[in-house]
Amino acid sequence: MSTRRINVALGERSYPVVVGFGAIIEINSLIPKSAKRAVVITQKEVNFMPKLEIDSTTVNIGNGEQHKNLQTIENLVDKFAEFGLTRNDVVIGVGGGMVTDVAGFAAASWHRGTAVVHVATSLVGMVDAAIGGKTGVNIKQGKNLVGAFWQPSGVICDLDALKTLPDREMRCGLGEVAKYHFLTGDDLLSLEMTDRIARCVEIKAEIVSGDERESGRRALLNYGHTLAHALERSSNFALAHGEAVAVGIIFAAHVAHAMGRIDQSRVDQHYKIIGQTYGLKTKPDEKFNRKDLVALMRSDKKAVSGLTFVLDGPSGIEVVNGIDEKHLDQAFDAMQLNEK
Ligand code: GLY
């Protein structure tokens with residue numbers, strides 16, 4: 001068994017991410033020495049239980065974005081209190097991005113900050129959600145609008161968990177991997193699985209280390225996400241995050257083209273990488289209403305001044321504020337989104 005260990009360098013809040021088949025064996029080494037008890041937060045579908053050397057209890061949360069809410073946090077903190085979890089103890093999130101976002105937020109809030117360790121069991125979780133300390137839940141006005149930056153004490157990405165991951169969830173993960181492809185130009189699919197995931201973690205760790213609270217470069221990790229979040233919400237989450245990100249990247253390429261930032265050949269390259277290289281859909285089958293999507297994009301939490309997108313351009317990928325709606329219309333026309 002060979003695992004890779006990547007450090008997320010954040011001074012005294014630095015932590016390791018252990019990637020590889022069988023990486024779960026490292027779990028006890030990531031738990032803070034002060035912890036005498038652990039609450040494991042997971043979902044009944046996950047079925048990937050770490051063997052802990054400290055006293056623990058397991059709490060299942062619901063599956064699906066509709067459970068990623070404040071009610072779930074309230075239920076969890078009730079369980080923490082019942083179990084007698086102290087701030088010296090540890091919360092362990094075992095699951096995909098939803099579980100680690102919720103577990104992280106519950107840990108951040110419990111006694112104003114209790115340690116959390118993440119065991120990512122989905123590809124999205126491994127390459128993105130479990131790394132970097134973004135935690136939170138949805139409210140009816142938007143995704144992840146209530147949350148905190150709370151770095152874990154360590155992250156496990158055990159590739160054994162991917163063996164039973166449904167194909168659709170694997171494809172969702174590839175949407176996020178494709179994002180790193182555009183951010184770095186790395187040919188990630190040429191790497192075998194452990195190295196590919198480790199490379200994605202390295203890219204994210206490097207960005208997070210330089211901009212933990214997203215005052216600059218970290219926003220690039222949202223490439224494709226402005227439309228993606230709107231598509232997810234508009235479809236009532238029938239379209240999964242990674243699928244929406246793949247479509248959102250294509251849309252961002254069309255917006256960049258409409259603004260004269262990139263030429264048609266670069267748009268074509270986006271289609272080739274998303275569609276052929278990563279085998280992802282470049283357009284959803286579902287029908288969407290353009291006006292609804294624009295309204296949702298305007299309410300995106302990243303939109304501090306009008307419509308905000310991460311866009312490709314002559315100096316590479318960067319955050320662009322104050323996008324004119326006519327460029328979105330041109331992009332929708334070019335993409336021929338199914339409209340209702
Ligand atoms: N998922 C984007 C970020 O962690 O910043």
Side-chain angles (χ1 to χ4, degrees), residues 127-128 171 174-191 196 199-200 203-204 206-207 211 214 216-232 239 241-285 288 290-291 293-294 296-298 300 302-339:
V127 300
D128 188 32
R171 279 200 303 280
L174 284 179
E176 292 288 351
V177 176
K179 173 186 84 181
Y180 292 118
H181 188 126
F182 285 105
L183 292 183
T184 61
D186 284 14
D187 181 6
L188 295 160
L189 290 188
S190 69
L191 303 173
R196 185 187 308 163
R199 179 66 193 131
C200 292
I203 297 166
K204 180 148 187 187
E206 187 265 317
I207 292 176
D211 179 22
E214 201 171 306
R217 199 159 161 256
R218 184 165 179 169
L220 302 186
L221 293 170
N222 300 316
Y223 193 41
H225 284 57
T226 312
L227 181 70
H229 286 158
L231 290 172
E232 285 179 82
L239 201 66
H241 180 68
E243 296 169 326
V245 168
V247 175
I249 289 173
I250 296 292
F251 185 73
H254 281 298
V255 175
H257 183 245
M259 292 173 72
R261 295 174 57 88
I262 58 171
D263 60 19
Q264 185 58 44
S265 69
R266 182 68 177 147
V267 178
D268 296 343
Q269 217 179 347
H270 276 72
Y271 273 96
K272 188 161 175 275
I273 291 169
I274 294 288
Q276 289 171 32
T277 313
Y278 284 85
L280 297 166
K281 284 195 178 157
T282 53
K283 186 168 121 170
D285 299 330
F288 289 93
R290 200 185 279 213
K291 282 201 170 58
L293 291 176
V294 173
L296 288 167
M297 287 191 278
R298 282 196 183 281
D300 191 281
K302 303 288 176 336
V304 277
S305 67
L307 283 157
T308 298
F309 271 79
V310 180
L311 294 177
D312 202 357
S315 341
I317 289 174
E318 59 193 358
V319 178
V320 184
N321 292 311
I323 307 272
D324 191 326
E325 216 173 298
K326 77 170 186 243
H327 293 129
L328 301 190
D329 269 329
Q330 285 165 4
F332 279 124
D333 289 343
M335 215 170 132
Q336 297 180 320
L337 199 79
N338 300 319
E339 302 221 24

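The figures that follow rest on heavy atoms only: side chains count, while hydrogens, waters and symmetry mates do not. Quick caveat: nothing in here was measured; it's all calculated off a predicted structure. Along the sequence shown, the residues carry numbers beginning at 1.
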Lys281, NZ atom: more than 12 neighbouring heavy atoms under 6.0 Å:
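Counting other residues, nucleotides and ligands, NZ of Lys281 stays at 12 neighbours or fewer.
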
Is the shortest heavy-atom distance from the side chain of [X] to the side chain of [Y] under 4.5 Å?
{"X": "Glu206", "Y": "Arg217", "value": "yes"}
{"X": "Lys204", "Y": "Val127", "value": "no"}
{"X": "Met259", "Y": "Val255", "value": "yes"}
{"X": "Leu337", "Y": "Pro284", "value": "yes"}
{"X": "Tyr180", "Y": "Leu188", "value": "yes"}

Taking all non-hydrogen atoms of both residues into account, name the closest pair between [X] and [Y] and its distance.
{"X": "Ala219", "Y": "Val319", "value": "CB-CG2, 3.5 Å"}
{"X": "Tyr223", "Y": "Ala252", "value": "CE1-CB, 3.9 Å"}
{"X": "Phe288", "Y": "Leu231", "value": "CE2-O, 3.6 Å"}
{"X": "Asp263", "Y": "His257", "value": "C-CD2, 3.7 Å"}

Salt bridge (Lys or Arg N to Asp or Glu O under 4.0 Å) between Arg261 and Glu318: does it pass, once the steps are laid out?
CA-CA 11 Å; Arg261 295 174 57 88; Glu318 59 193 358; 2.8 Å; yes

Are the side chain of [X] and the backbone of [Y] linked by a donor-acceptor contact shorter than 3.5 Å?
{"X": "Asp312", "Y": "Ala253", "value": "no"}
{"X": "His181", "Y": "Val177", "value": "no"}
{"X": "Lys179", "Y": "Leu221", "value": "yes"}

Rounded distance [0.5 Å steps], [atom1] in [X] versus [atom2] in [Y]:
{"X": "Ile273", "Y": "Leu280", "atom1": "CD1", "atom2": "CG", "answer": "11.5 Å"}
{"X": "Glu232", "Y": "Leu296", "atom1": "CD", "atom2": "CG", "answer": "11.0 Å"}
{"X": "Thr226", "Y": "Ile323", "atom1": "OG1", "atom2": "CD1", "answer": "8.5 Å"}
{"X": "Asn222", "Y": "Glu214", "atom1": "CG", "atom2": "CD", "answer": "5.0 Å"}
{"X": "Ile249", "Y": "Ile274", "atom1": "CD1", "atom2": "CD1", "answer": "4.0 Å"}
{"X": "Tyr271", "Y": "Ile250", "atom1": "OH", "atom2": "CD1", "answer": "5.5 Å"}

Which class fits the ring pair Phe251 and Phe309: parallel under 30°, tilted 30 to 60°, perpendicular over 60°?
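It falls in the tilted class, 30° to 60°.
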
So Asp186 and Ile203, side chain to side chain contact (heavy atoms under 4.5 Å, CB included) or not? Walk me through it.
CA-CA 10 Å; Asp186 284 14; Ile203 297 166; 4.1 Å; yes

Given His225 and Glu176, is the side chain to side chain donor-acceptor pair (under 3.5 Å) satisfied, shown in steps?
CA-CA 10 Å; His225 284 57; Glu176 292 288 351; 3.2 Å; yes

Between side-chain atoms of residues 327-336 and protein atoms elsewhere (two or more places apart, or another chain), which donor-acceptor pairs fall under 3.5 Å?
unit_1	atom_1	unit_2	atom_2	d
Asp329	OD1	Arg290	NH1	2.9
Asp333	OD1	Arg290	NH1	3.2
Asp333	OD1	Arg290	NH2	2.7

Check step by step if side chain to side chain contact (heavy atoms under 4.5 Å, CB included) holds for Glu325 and Arg298.
CA-CA 10 Å; Glu325 216 173 298; Arg298 282 196 183 281; 2.7 Å; yes

